[in-house]
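One structure, as C-alpha cells, below. Some questions next.
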Number of protein chains: 2
Amino acid sequence: MENTTSNSEYLRGTLKTIVLSLLAENKRMYGYEITQAVKEQTNGEIALTFGALYPVLHKLEQEGALLTESLEVDGRLRKYYALTQQGAETAREKTIELGRFLNALQNLLGVPEPLPATS
Amino acid sequence: MENTTSNSEYLRGTLKTIVLSLLAENKRMYGYEITQAVKEQTNGEIALTFGALYPVLHKLEQEGALLTESLEVDGRLRKYYALTQQGAETAREKTIELGRFLNALQNLLGVPEPLPATS
DNA sequence: CAAATATATATAAGATATTTATATATACAA
DNA sequence: TTGTATATATAAATATCTTATATATATTTG
C-alpha cells in the first residue's frame, strides 16, 4: 500500500479531541482500532501514530475521562477504552469547540461560509 | 473588551500555514497587523500571541519564504513581511494541504460534507 | 498632568505535545 | 523464513507554543 502524505503536522492539538469524539460515537474502542478508524474515515488523509496516541489515551485515563477494560482476544490482550460520564461531557464540549475553530479557520483560509437560509 | 475563550490549543501546527495564507492574500503585512487580521476575520475565535507569531515569521524568513522591509511610520519602525516567489508556492501548497486536512477532520467529527452540485 | 490603553517588535525560559526509534508478541501469507 | 498485519507500550529527542518580560511611542481618559 502506498502511504498518503498524511499531514500529521496539523494534527497537533486536535488529537485529544479526535479521540474523545470517536469514543463518543463508539462506546468503546482499542488503540489500534482508533488508528484504523481515523485512517478509514478520512480516506488516509489523517494517520495517527501510536507514539502520539497512547500517551493521549493514558493521559485521558489519568484525568478520569476514560476507563479501561482488558480482554483477551485471539490469545492477545486487547485494551478497550470507554468514556466515563465526565469524559462524555468533555467530549461534547471539546467537539463543539473544535468545530467552531475549524469553521473559523476555513473562513480565514478563504473557504466561503454557507449562506444563511433565506426566510 | 471581553476576551473570547480563544482556543489557541487547536492552533498548534496550523500557525505557519495561517501566516502564509494571509500573506498570499495581502502582499505585505506587519506582525501586529497579522494578529489583528486573524482576530477580525475569525470574530475573535482565533487569537495569535506574539510569542508564537514572531518565531514563525523569523523562521519563514530564514527558510527563504519571506522577505522583510522596515519602514518608519509615525516615528516607529514597522517591519513588513512579504512572500518570496518560493514562499508563494509554499503558501499555495500548504493552504491546499490544510484545507484537505480540515475537511477530513470535519468528516471525522460528524459534520456532513456538502452535497456535490447537481448537474 | 498622570495613568491607562493601543500600537509595535522582540527574546527567553519553561511547559507541552509530538515524532522517531525501539521493544515485545502472535498469526498468517509469500 | 521473511515480511506483513495485528496489538500495546515506553523513551529520547525535537518542535512548538505559552507566559513573562523588555522596550518604546501615541492617544485617550480621568
How is B:G31 classified with respect to the nucleic acid when contacts are heavy atoms under 4.0 Å: base, sugar-phosphate, or nothing?
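Since only primed, P, OP1 and OP2 atoms lie under 4.0 Å of B:G31, the category is sugar-phosphate.
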Measure from the side-chain heavy atoms of B:P55 and tell me the nearest of D:dT8, C:dT19, C:dT11.
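Looking only at side-chain atoms, B:P55 lies closest to C:dT11.
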Under 4.0 angstrom, heavy atoms only, what part of the nucleic acid is B:Y30 near: base, sugar-phosphate, or nothing?
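Answer is sugar-phosphate: B:Y30 comes under 4.0 Å of backbone atoms only.
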Hey, can you tell me if B:Y30 and B:Y80 have their rings parallel, tilted or perpendicular (30° and 60° cut-offs)?
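Ring orientation, 0 to 90° scale: perpendicular.
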To the nearest angstrom, how far is A:L48 atom CG from D:dT8 atom P?
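From A:L48 CG to D:dT8 P: 13 Å.
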Is A:Y54 close enough to D:dT8 that one of its side-chain N or O atoms is under 4.0 Å from OP1 or OP2 there?
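Affirmative; the distance criterion is met.
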For the backbone of B:A104 and the side chain of A:T42, can you confirm whether one donor and one acceptor N or O come within less than 3.5 Å of each other?
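No, the answer is negative, given that no donor and acceptor are paired below the 3.5 Å cut-off.
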Please report the distance, rounded to the nearest Å, between CG in B:L53 and C1' in C:dA12.
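Taking atom C1' of C:dA12 as the reference, CG of B:L53 is at 17 Å.
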Nearest of D:dT16, D:dC17, D:dT6 to any side-chain atom of A:R12?
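Side chain of A:R12 sits closest to D:dT16.
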Using atom CE of A:M29 as one end and atom P of D:dT6 as the other, report the distance to the nearest whole Å.
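Atom CE in A:M29 sits about 14 Å away from atom P in D:dT6.
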Which whole-number value in Å describes the distance from A:L66 CG to D:dT8 P?
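After rounding, the gap between these two atoms is 14 Å.
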Under 4.0 Å: is that the gap between some side-chain N or O of B:H58 and OP1 or OP2 of C:dT11?
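Checking C:dT11 against B:H58, a side-chain N or O does come within under 4.0 Å of OP1 or OP2.
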I want to confirm an ordering. Mapping B:K59 and B:F50 to their closest nucleotides on DNA chain D, which one lands closer to the 5' end?
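Closest to the 5' end, via its nearest nucleotide, is B:K59.
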Between D:dC17 atom P and A:K16 atom NZ, what is the distance in whole Å?
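Those two atoms, NZ and P, are 17 Å apart.
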Quick one: which of C:dA6, D:dT6, C:dT18 gets closest to the side chain of A:V56?
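Closest nucleotide to the A:V56 side chain: C:dT18.
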Are A:E63 and A:K16 within salt-bridge range, i.e. N to O under 4.0 Å?
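Result for this pair is yes, salt bridge flagged.
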Return yes if some donor-acceptor pair links the side-chain N/O of B:T95 with the main-chain N/O of B:A91 below 3.5 Å, else return no.
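Yes.
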Side chain of B:T49: nearest nucleotide among D:dT18, C:dA10, C:dT19?
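Nucleotide nearest to B:T49's side chain: D:dT18.
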Would you please confirm or rule out a distance under 4.0 Å between OP1 or OP2 of C:dT7 and any side-chain N or O of B:Y32?
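So the side chain of B:Y32 is within the cut-off, an N or O lying under 4.0 Å from OP1 or OP2 of C:dT7.
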Give B:Y81 one of three labels, base, sugar-phosphate or nothing, depending on what nucleic acid heavy atoms sit under 4.0 Å from its own.
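The residue B:Y81 makes sugar-phosphate contact but no base contact.
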Between B:Q36 and A:G13, which residue's closest nucleotide on DNA chain C lies nearer the 5′ terminus?
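Looking at the nearest nucleotide for each, B:Q36 comes out on the 5' side.
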From the options C:dT19, C:dT18, C:dA8, select the nucleotide whose nearest atom is closest to the side chain of B:R78.
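Among C:dT19, C:dT18, C:dA8, the one nearest the side chain of B:R78 is C:dA8.
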Are A:R12 and B:E9 close enough for a salt bridge, meaning some N to O gap below 4.0 Å?
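No, no charged N to carboxylate O under 4.0 Å.
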For A:Y80 and D:dT6, what is the distance between atoms OH and P respectively, to the nearest whole Å?
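So the OH-P distance, A:Y80 to D:dT6, works out to 14 Å.
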Taking OH from A:Y10 and P from D:dC17, how many angstroms apart are they, rounded to a whole number?
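Roughly 12 Å, once rounded to whole Å.
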Pair B:E89 + B:R92: basic N to acidic O under 4.0 Å:
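Yes, this pair counts.
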A:E72 has an atom CD; how far is it from atom C1' of D:dA7, in whole Å?
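Spelled out: CD on A:E72 to C1' on D:dA7 is 13 Å.
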